Amino acid sequence: MARRGARTEIVGLDRLQRRLAELVPELEAAARAEVENSAEMVLADVRRRVRVDSGNLRGSVAATYQKQGMQASVGWRDQDDLYAVFHERGSRRIPANPTLIPALERAGTQLIARLRDEVRRRL
């Protein structure tokens with residue numbers, strides 16, 4: 001015996017599509033805010049844990065933002081701060097004191113959780 005096809009109609013699909021389109025800018029703004037918040041957390045963490053002699057490394061670590069604020073880069077940018085690499089990785093005379101990567105790892109796991117919570121809250 002042959003089966004007939006069934007027809008399904010989703011009521012309110014157009015309303016759902018409009019609402020989802022409205023959420024995109026809200027979610028992007030929330031993501032930008034969380035990226036900035038995470039970058040500030042990394043900066044504070046690095047400043048708290050970096051080895052201090054003259055205070056230059058602590059004072060010159062900075063965050064820059066790319067891709068309309070959706071990407072942050074934290075570190076030392078000034079040519080005078082090249083020695084930060086030796087403090088991070090160590091050398092024959094300076095024991096390694098990694099601060100940047102551990103700070104990024106700590107903030108990264110928190111960023112994911114906060115973004116997940118923010119998306120759930122907005123949905």
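Just so we're clear, the structure is a prediction, and the values are computed from it rather than from any experiment.
Separating the CG atom in D45 from the CD atom in E105 is a distance of 11.0 Å, to the nearest 0.5 Å. The line from CZ of R114 to OG1 of T109 is 9.0 Å long, rounded to the nearest 0.5 Å. Between R49 atom CZ and N97 atom CG the span is 10.0 Å, to the nearest 0.5 Å. The CD atom of E28 sits 11.0 Å away from the CD atom of E26 when rounded to the nearest 0.5 Å. In this structure, M41 CE and L111 CG are separated by 9.0 Å, a value rounded to the nearest 0.5 Å. Taking CZ of R89 as the reference point, atom CG of L100 lies at 10.5 Å (rounded to 0.5 Å).
Taking a cutoff of 4.0 Å between a charged side-chain nitrogen and a carboxylate oxygen, D117 and R121 do not qualify as a salt bridge.
By the rule that hydrophobic residues join a cluster once side-chain heavy atoms approach within less than 4.5 Å of another member, L23 and L13 end up as members of one cluster. V85 and L57 fall into different hydrophobic clusters, where Ile, Leu, Val, Met, Phe, Trp and Tyr side chains are chained together by heavy-atom contacts under 4.5 Å. In the hydrophobic clustering of ILVMFWY residues, with side-chain heavy atoms under 4.5 Å counting as a link, I112 and M70 come out apart.
Annotation: Q68, atom CD; neighbour count of heavy atoms from other residues, nucleotides and ligands within 6.0 Å does not exceed 12. In R48, the CZ atom is crowded: over 12 heavy atoms of neighbouring residues, nucleotides or ligands sit closer than 6.0 Å.
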Query - Criterion side chain to side chain contact (heavy atoms under 4.5 Å, CB included) on L43 and V46, from CA distance to verdict - result: CA-CA 5 Å; L43 282 172; V46 169; over 6 Å; no

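Judged by distance alone, the side chain of Q71 and the main-chain N or O of Y65 form no donor-acceptor pair under 3.5 Å. Within the 3.5 Å criterion, the main-chain N or O of S60 finds no donor-acceptor partner in the side chain of W76. Without hydrogens or angle criteria, R58 side chain to V52 main chain gives no donor-acceptor distance under 3.5 Å.
E40 and S38 form no side-chain donor-acceptor contact under 3.5 Å, judged by distance and modelled atom types alone. Side-chain contact annotation: Q66 with S73, donor-acceptor N/O pair under 3.5 Å absent.
Proximity of R51 to I94: side-chain heavy atoms (C-beta onward) are separated by under 4.5 Å at one or more points. You'll find the side chain of V50 stays beyond 4.5 Å of the side chain of V61, heavy atoms only.
Nearest heavy atom pair, residue A63 against residue V74, reads CB-CG2, 4.0 Å.
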